[in-house]
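Report on the following structure.
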Amino acid sequence: MLNFRECAHDLGAAHILSLVSRLTLVADPAADAPLCALRDTAGAILAADVPAALQSYHRLCRALLLSPARRVSGDLFLDHLLYLVLETPHPFAVMAAEGRMEEAQRFAMRADLQILGLLSILKSQDLYRMLAESVRAAAKPHSRRDNISEMSSALWTGGAMPKPKKEEPAPLPQSFPFPLPAENEWLSWQYGETGLRDSYVSDEALEEVYIRLLGSSDWRSLSDDIWNFFASYGTAPFLKGRLFHVKQGRLLPLPQEGTPYCPFTSQEEIRVALISHAIRFMRGETAEPLLLAGDTGLGKTATVFNLADELPELRLVLLRRSEPFDAVELLSALAAQPLRFLLLLDDADFSAPAVKSLLACRAQGAFPANVLLAATGQGPSPAIAKTLLMNSPRIDEFTEMVEDLLAQRGVHADRAAVRNAAVDHQVDARDRLTVTAALSLADQLIADLG
């Protein structure tokens, strides 16, 4: 293994160019991607082109800082290499998630892992040293054989004796318009110690893979372990969170916004029935779609979302009424993962073309076995036979909702005062007793107490 810290500058830069150019499956092809900027930096080092090297290096640093790579290793560049291996849906990851193993892709992935493992020891200081040595080498005068050396060569080889040449002064060192910054001004990739700085749902397995990669001198030897990881946990974006949605035709993580869902006593029967159905689906005992019906504001969507907390192995994909989607494409994407999904039609419009296409796939037996269809709506629908009906809470249940919401925020109020406020809220606002109304009243009480 080439030691970037001690090798000659031209050998190190050429080695970087060779490694980056040979990547096959785990590619970083965009013009502003870190590995492309690294390749340009190495080329500028070989040419002793200081302005180009500085520009390419800082483009590299910018790309690393803006990269979606998780902060794990304490080194921005190493984080990006881990991201390329584990958090991008490259062909090897997709193949493993589908449970397939093709030897040709396996060999290509092993070669890529070897390359990335060799690059993983590169540090920002190594590039500074290579550039500084390249500048010094370019500035040295070229050595020229003197008259005595040329005459000695001619004598030994039997050639004609050359005429003595007039000595010429050595060329002056080349000057560079952009001098190198001091080494302590060279932007470093290091930012701290190794460790998890955030939380992913697949961390139990991911952390083990991180440790093995960071501690290995040969990443190629871990190719089978990486295949097993993808075969069990799927590919990005499903490694990070449990909630997803379709936006502008793309399957994306769902931003976590608003008040966290708080289960209410009045909804316990519905919540238990929903969880029971989801568990039977995950055991392979049922794939029957489920409709959760009830008036607006009763917390139907939030109740379904609660499954993501109750069942960590389940992923939930939200399909909003206003957001079009391609049913066949979406089902194909979910079927390619080893995970279990609940596909939620929120406020379902069963006459919409995309929803009709989704139901047609199920009727034709083309629905993936790892996807459970669920929907929320105002009332029952012939499109989905199994229905759970959610009723409005009574005044005592509504009071308990408000108390639960206050307790969740660390506020403890007198029960009689809360009940009186609930009655006044219903009478004055002429509002139905719903979860939305409970949230509004809890906010009002907190404001009054504050």
Side-chain angles (χ1 to χ4, degrees), residues 4 16-17 19-45 52-94 109 112-128 186-203 206-207 209-214 216 219 222 226 229-230 233-241 244 247 250-253 255-256:
F4 289 112
I16 292 171
L17 282 172
L19 292 174
V20 174
S21 302
R22 286 158 43 203
L23 284 170
T24 306
L25 296 180
V26 187
D28 205 6
D32 58 347
L35 291 187
C36 292
L38 175 63
R39 179 194 60 204
D40 295 342
T41 304
I45 289 173
L54 292 178
Q55 185 180 48
S56 298
Y57 179 74
H58 284 278
R59 181 160 55 89
L60 166 59
C61 291
R62 174 181 171 81
L64 292 175
L65 287 167
L66 299 182
S67 166
R70 191 182 187 189
R71 301 288 190 259
V72 176
S73 69
D75 183 286
L76 292 173
F77 182 65
L78 187 49
D79 285 345
H80 186 69
L81 298 185
L82 294 172
Y83 166 77
L84 290 177
V85 173
L86 298 172
E87 293 189 61
T88 57
H90 48 75
F92 183 82
V94 172
M109 185 65 182
D112 280 5
L113 285 172
Q114 182 182 32
I115 290 169
L116 295 172
L118 293 172
L119 285 171
S120 70
I121 64 173
L122 179 67
K123 303 299 180 185
S124 52
Q125 295 83 356
D126 298 330
L127 293 177
Y128 181 88
W186 184 258
L187 191 59
S188 174
W189 297 337
Q190 281 72 47
Y191 61 84
E193 300 296 326
T194 301
L196 300 183
R197 293 166 173 79
D198 52 10
S199 178
Y200 281 21
V201 297
S202 55
D203 267 343
L206 261 178
E207 188 172 12
V209 179
Y210 288 143
I211 291 171
R212 298 196 66 181
L213 285 170
L214 293 174
S216 174
W219 286 18
L222 300 176
I226 292 172
F229 170 76
F230 290 126
Y233 294 88
T235 62
F238 304 111
L239 301 175
K240 186 174 183 178
F244 302 86
K247 186 174 183 179
R250 298 177 59 201
L251 186 60
L252 300 169
Q256 299 297 301

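None of the values given here were measured: they were computed from a predicted structure.
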### Query
Is the number of heavy atoms from other residues, nucleotides or ligands within 6.0 Å of CZ (R71) greater than 12?
yes

### Task
Would you check, one step at a time, whether the test side-chain contact (heavy atoms from CB on, under 4.5 Å) holds for V72 with L78?
CA-CA 9 Å; V72 176; L78 187 49; over 6 Å; no

### Message
If you take the centroid of each ring, where Trp contributes its six-membered ring, are F238 and F244 closer together than 6.0 Å?
### Response
yes

### Task
With sequence neighbours excluded, give me every ring-ring contact (aromatic ring centres under 6.0 Å, His included) pair touching residues 61-82.
F77-W189, H80-Y83

### Message
Is there a side-chain contact between D112 and F92 in this structure, where contact means two heavy atoms from C-beta onward sitting under 4.5 Å apart?
### Response
no

### Query
If you look at every heavy atom in A236 and P89, which pair is closest and at what distance?
O-CB, 4.4 Å

### Query
Which distance, rounded to the nearest 0.5 Å, do you find between the CD1 of I211 and the CD of E207?
5.0 Å

### Message
Whether the side chain of Y210 engages the backbone of T194 through a donor-acceptor N/O pair (distance < 3.5 Å, no angle test) should be reported.
### Response
no

### Task
Taking the side chain as every heavy atom from C-beta outward, state whether L84 and L23 have any pair of such atoms under 4.5 Å apart.
no

### Message
Rounded to the nearest 0.5 Å, what separates atom CG in L213 from atom CG in L81?
### Response
10.0 Å

## Note on the structure
Taken in chain and number order and not counting sequence neighbours, the residues that satisfy salt bridge (charged side-chain N to carboxylate O under 4.0 Å, His left out) with D203 are R70

## Note on the structure
Separation between CG (L19) and CG (L122), nearest 0.5 Å, reads 9.5 Å

### Message
As an exercise, state the distance from OG1 of T235 to CZ of F230, rounded to the nearest 0.5 Å.
### Response
7.5 Å

### Query
Minimum heavy-atom separation for G234 to L239, with atom names?
O-CD2, 3.4 Å

### Crowding at CZ, R250 (>12 non-hydrogen neighbours, <6.0 Å)
no

### Message
Strictly distance-based, threshold 3.5 Å: is any side-chain N or O of S67 a donor or acceptor partner for the main-chain N or O of L64?
### Response
no

### Min side-chain heavy-atom separation I45-Y57 under 4.5 Å
no

#### Entry: Residue list, side-chain contact (heavy atoms from CB on, under 4.5 Å) with K123, at least two apart or on another chain
R5, D75, Q125, D126, Q190

### Message
What I'd like to find out is whether the side chain of V209 reaches to under 4.5 Å of the side chain of L222, using heavy atoms alone.
### Response
no

### Task
With side-chain contact (heavy atoms from CB on, under 4.5 Å) as the test, would you mind laying out the steps for H90 and M109 before giving the verdict?
CA-CA 10 Å; H90 48 75; M109 185 65 182; 3.7 Å; yes

### Message
Quick one: does any side-chain atom of D40 pair with a main-chain N or O of S56 as donor and acceptor, under 3.5 Å?
### Response
no

#### Entry: L113 side, atom CG; L25 side, atom CG - distance, nearest 0.5 Å
9.5 Å

### Task
Answer whether the closest heavy-atom distance between the side chains of L206 and F229 falls below 4.5 Å.
yes

### Query
Which distance, rounded to the nearest 0.5 Å, do you find between the CG of D79 and the OH of Y191?
3.5 Å

### Message
Any non-hydrogen side-chain atom of I16 less than 4.5 Å from a side-chain atom of F4?
### Response
yes

### Task
Would you mind telling me which of L38, L116, I115 makes a side chain to side chain contact (heavy atoms under 4.5 Å, CB included) with V20?
L38

### Task
State, yes or no, whether a side-chain contact exists between L17 and R39 at a heavy-atom distance under 4.5 Å.
yes

#### Entry: Side chains of S124 and Y128 in contact at under 4.5 Å (non-hydrogen atoms)
no

